[in-house]
Amino acid sequence: MSTEAACIESSCITEACAEEHPEKQQENSNLNFKFPGEPLFRVSRKLEGLLGQLNQGGILLFIFFLFMALFPSFLAPYAPNERFTHYEEPSWDHFLGTNDIGNDILSELVYGSRISMTVGFAAALIST
């Protein structure tokens with residue numbers, strides 16, 4: 001096989017082929033490969049660091065909701081069925097106020113997280 005045929009088959013990757021065919025050398029120089037150490041690489045490293053921090057934040061948020069679902073009595077100030085004044089505004093006693101039947105809204109949210117987590121895990125299990 002001649003060097004010209006080998007050069008065509010290998011797309012002029014070797015230096016010998018590039019020396020024999022300068023027009024192929026110009027085509028290869030237009031590809032502009034990015035190597036580590038160039039600005040694009042540094043930007044991608046910073047982006048990876050940011051994504052890692054966002055992942056950690058998401059994991060912490062998930063752990064908080066899991067803790068809230070497993071141990072609602074630690075976070076809820078009242079029992080979910082305890083009644084107070086109807087439509088009470090947010091205050092130090094009721095951080096989110098009360099609803100139309102007098103239940104503390106924060107306590108309802110905390111105890112309701114059990115159902116939300118159960119539905120979420122069931123949907124993930126079924127889809128898996």
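Positions are given from 1 along the sequence.
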(request) Side-chain contact test, heavy atoms from C-beta onward, threshold under 4.5 Å: evaluate it for Tyr87 versus Asp100 and give yes or no. (result) yes
(request) Check the pair Phe121 / Leu66 against side-chain contact (heavy atoms from CB on, under 4.5 Å), numbers first and verdict last. (result) CA-CA 11 Å; Phe121 280 123; Leu66 189 62; 4.0 Å; yes
(request) Answer yes if Tyr111 and Leu96 sit in the same cluster of Ile, Leu, Val, Met, Phe, Trp and Tyr residues linked by side chain heavy atoms under 4.5 Å apart, and no otherwise. (result) no
(request) Please report the closest heavy-atom contact between Thr98 and Thr85, naming both atoms and the distance. (result) OG1-O, 2.7 Å
(message) Quick one, Val110 and Pro72 - any side-chain contact, counting heavy atoms below 4.5 Å?
(response) yes
(message) Taking the side chain as everything from C-beta on, heavy atoms only, tell me whether Met117 gets closer than 4.5 Å to Phe62.
(response) yes
(request) Look up atom CD1 in Ile101 and atom CZ in Arg83, then write down how far apart they are to the nearest 0.5 Å. (result) 4.0 Å
(message) Count I, L, V, M, F, W, Y as connected when their side-chain heavy atoms are under 4.5 Å apart, and connections chain through other members. Are Leu61 and Phe67 then in the same cluster?
(response) yes
(request) Heavy atoms only: give me the nearest Asp104-Gly97 pair and the separation to one decimal. (result) OD1-O, 3.5 Å
(request) Heavy atoms only: give me the nearest Ala79-Ser107 pair and the separation to one decimal. (result) O-CB, 4.4 Å
(message) How long is the straight-line distance from CD of Glu108 back to OG of Ser113, given to the nearest 0.5 Å?
(response) 12.5 Å
(request) Before giving the answer on side-chain contact (heavy atoms from CB on, under 4.5 Å), spell out for Phe84 and Asp93 the whole-Å C-alpha distance, their side-chain angles and the decisive distance to 0.1 Å. (result) CA-CA 11 Å; Phe84 300 97; Asp93 292 333; over 6 Å; no
(message) Classify the ring geometry of Phe95 against Trp92: parallel below 30°, tilted from 30° to 60°, perpendicular beyond 60°.
(response) perpendicular
(request) Look at atom CD1 of Ile115 and say whether more than 12 heavy atoms of other residues, nucleotides or ligands are closer to it than 6.0 Å. (result) no
(request) Compute whether any side-chain donor of one residue and acceptor of the other, for Glu82 and Asn103, lie under 3.5 angstrom apart. (result) no
(message) Please tell me whether Ile105 and Phe74 are part of a single hydrophobic cluster in this structure, the criterion being side-chain heavy atoms less than 4.5 Å apart.
(response) yes
(message) Side chains of His94 and Tyr78, heavy atoms from C-beta outward: is any pair under 4.5 Å?
(response) yes
(message) Can you confirm whether Phe65 sits close enough to Leu60 that some side-chain heavy atom of one is under 4.5 Å from a side-chain heavy atom of the other?
(response) no
